[in-house]
Amino acid sequence: DLNVYRAGRKMLDAGVVPLGDMLPETAYVKLGWVLGHKGWDAKEMMLKNFAGEIKERSDAESFLY
Amino acid sequence: MNLDYKKLGLKCGLEIHQQLDTGKLFCRCPSIMQERDPDFKFERKLHAVAGETGLIDPAALQAYLADHSYTYHAFRESNCLVELDEEPPGPMDSTALDTVLTVSKMLNCDVIDEVHVMRKTVIDGSNVSGFQRTSLVAVNGSFKVGDLEVKIPTICIEEDAARKVDEKDGTVTYSLDRLGIPLIELATDPCITTPEQAKEVAKAIGAILRATRQVKRGIGTIRQDVNISIREGARVELKGLQDLSILSKSVELEVQRQVGLLEIKNELKKRKAKVDSKPADVSKLFAKSESKVIKSALEKSGSIYGLKLSGFAGLLKKELQPDRRFGSELADYAKAYGSKGLFHSDELPNYGITEKEIETVRKELGCKENDAFILIAEQKDVCEKCIKAVAERAQIAFEGVPEQTRRVLPEGTSAFMRPLPGGARMYPETDLSPIVITDKKLKELKLPKLPWEQIAELGKKHGLSKEVAGELYDSMYLELFEKLVKEYDSSILATTFTNHIKALEDPQVLQEEHFKDLFKSLKQGKFSKEAIPDILEKWAEQPGSKLSNLVSDLGVEGIGVKDLESIIKKVVDSNKKLIEEKGERALQPLMGMVMKEARGKADGKKVMELLKKAL
């Protein structure tokens, strides 16, 4: 949640799009893939979940147990 | 018991926690309770830390020193990293917040401009993080219940705690399915003055909450706490009332208990009673005892401790509530400090303790005729702690009623749970931003009509009486009724859902599909409406069977019009004389004869119609 700290809020003001729990490496590759599609809105498609790369719920068993 | 509540100065306030039927409050898990085995378990301990003042809260310190560990059961479907306290909370669920805002407006509250989430310290492990997230949403509400004006000082939104599953020495086990479910917390001022009124107010609040259609229903989804005091007594909090039906009884019994304690206070004063300051180790007096409890304590190298209570004889067995005596109150305190209970002189000889043993104890403690004593049989250190606690409680008897929190028991009586909590340790939740509530947001809220208005409308719209409409509104079939009433007759639907369904032992077995099938077949004339109760009863026993099979098994297939007409002709023909004599008034007896012939398979209205035609 970028709203919690001042640095985060400044990033939001600068126009950064937070990608939730997506991994940076995944985000980099996905961005390349999304931008390759003509007619796709980059922000909307980056935030859309295609294969579990961005989720609203973090499954405990995949991380810890 | 006929108590004059006005004279006693009874004051009563309610605190209601109701679960909301939305996703969880601070994460996007669904609010689903789980009956099956957990997907995985984990263990945690809590560590007490100093607050802003540099001091550690004494209650937290005590809990930490007890060195409990907590085991948690987690479920893939209901839990994520937030409940495990491995991830910061997500933003507040907007539907939940909107529901609380809606209730706040319905109750004429002032809504807070910015909702700040706070952390309230919790030391029993029921929150994995060691705190409960809670927010104040609205203040200064009020509404009327009959003539009584009920003020609502605060409305809060908070997350529910984990559900206790088991408790063994040193470890408590909780299930995390319930952790995080949104709760609306509503408090009233102490405006209630009779037990009946308490029930009325609780009912009204429940109805207002249900009017939003966003609250969970069923056992365990609502928890009620009642604060009760009488003028000469003290404020006592009764926690954990889940059933409205024992609410007024619990209030009544608590008043009775406080009155009883005041009577004890006066009697003690008259007798110039005293609590002995020195408990004594009387283990040696029981060396040869045959009592099971005593023997087992001594075998485990425990001790027997005794305490003299001068002037208390006869008062320990005084009944304060059905099946609970003053001795039970003292026993509660002993139990709170680790003992399994205590013996007191008013109930002895019993439990294998003999007259002779009693005599020796009385001699050892220096008891005179009007003196009582208590005995505790445990390990030495437990004995010392518990006897001290009992002595303190006995001492409070001279002042009357102690302020405390009590746990409600199934019959409406109560037992001591803990002293009233002090100022709750609350501090800001720094992982979440405040939520601004704009005027625009409040204006956009669609306020549902108040329950009594909705019931009146329901009745008017579908031609139902006030009572039936009210029952239907409170039942869980309201939505199904509204769906089906578009196609089927409202009064048959209403009668089924309010009347016939009550005769069933386990109505939940019947699903929406069952009812759709039932009324469709009814409309097609496959059977008459009189057969509905029997069909429902049989279907509830065998929910998997086909309706048509049930109908033929029960023998209630509707009689075709042709068959009905021939029965009517038969009856009319064989009663020509009766018809000549009575004319119109022959209709009723003829009707009875036809119905008998048709063996209840015919629809009364239809028979009347055809009969009239035939005459």
Side-chain angles (χ1 to χ4, degrees), chain A, chain B residues 22-32 34 37-44 71-95 114-117 119 128-129 133 162 174-177 179-181 428-436:
Chain A
D1 182 7
L2 285 186
N3 272 302
V4 180
Y5 295 107
R6 181 182 299 177
R9 290 193 289 272
K10 293 210 164 182
M11 289 204 281
L12 285 175
D13 286 341
V16 162
V17 176
L19 290 181
D21 67 343
M22 198 186 304
L23 298 172
E25 296 80 2
T26 313
Y28 185 64
V29 173
K30 184 176 178 187
L31 187 59
W33 178 70
V34 165
L35 290 176
H37 287 79
K38 276 208 184 106
W40 272 19
D41 175 59
K43 176 173 171 178
E44 186 192 329
M45 291 309 176
M46 284 303 285
L47 290 172
K48 176 173 167 189
N49 181 33
F50 286 89
E53 75 279 4
I54 185 172
K55 289 203 298 289
E56 288 213 312
R57 290 179 63 205
S58 303
D59 177 17
E61 280 175 308
S62 55
F63 273 98
L64 300 172
Y65 297 99
Chain B
T22 66
K24 288 199 178 177
L25 193 55
F26 293 108
C27 69
R28 307 285 78 92
C29 292
S31 304
I32 297 179
Q34 302 284 354
D37 287 333
D39 292 315
F40 61 96
K41 309 182 191 173
F42 61 97
E43 206 175 287
R44 297 279 170 89
T71 306
Y72 296 101
H73 289 183
F75 303 86
R76 221 170 283 129
E77 194 186 19
S78 305
N79 300 124
C80 65
L81 290 180
V82 176
E83 282 96 329
L84 271 62
D85 195 30
E86 298 277 1
E87 193 178 81
M92 200 186 277
D93 183 275
S94 48
T95 316
E114 270 187 22
V115 171
H116 288 240
V117 182
R119 298 178 178 179
V128 180
S129 49
R133 295 184 187 92
Y174 292 99
S175 169
L176 294 183
D177 52 355
L179 177 63
I181 295 183
E429 167 60 77
T430 43
D431 285 334
L432 293 170
S433 329
I435 303 166
V436 177

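Within every chain, numbering begins at 1; the chains are lettered A, B, ... in the order of the sequence lines, protein sequences first and strands thereafter. Not measured: the values here are computed from a predicted model.
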Novice: Relative to chain A, which segment of C29(B) carries a heavy atom at a distance below 4.5 Å: side chain, backbone, both, or neither?
Specialist: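 For C29(B), backbone and side chain are both near chain A.
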Novice: Which of residues 24-58 of chain A have a heavy atom under 4.5 Å from any heavy atom of chain B?
Specialist: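 Expected list: E56(A), R57(A), S58(A).
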Novice: Between T430(B) and V4(A), which heavy-atom pair has the shortest distance, and what is it?
Specialist: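 Result for this residue pair: O-CG1, 3.2 Å.
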Novice: Nearest 0.5 angstrom please: L81(B) CG to D59(A) CG, how far?
Specialist: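 So the gap between those two atoms works out to 7.5 Å.
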Novice: Of the backbone (N, CA, C, O) and the side chain (C-beta and beyond), which part of E429(B) lies under 4.5 Å from a heavy atom of chain A, both, or neither?
Specialist: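 Nothing of E429(B), per the 4.5 Å heavy-atom cut-off to chain A.
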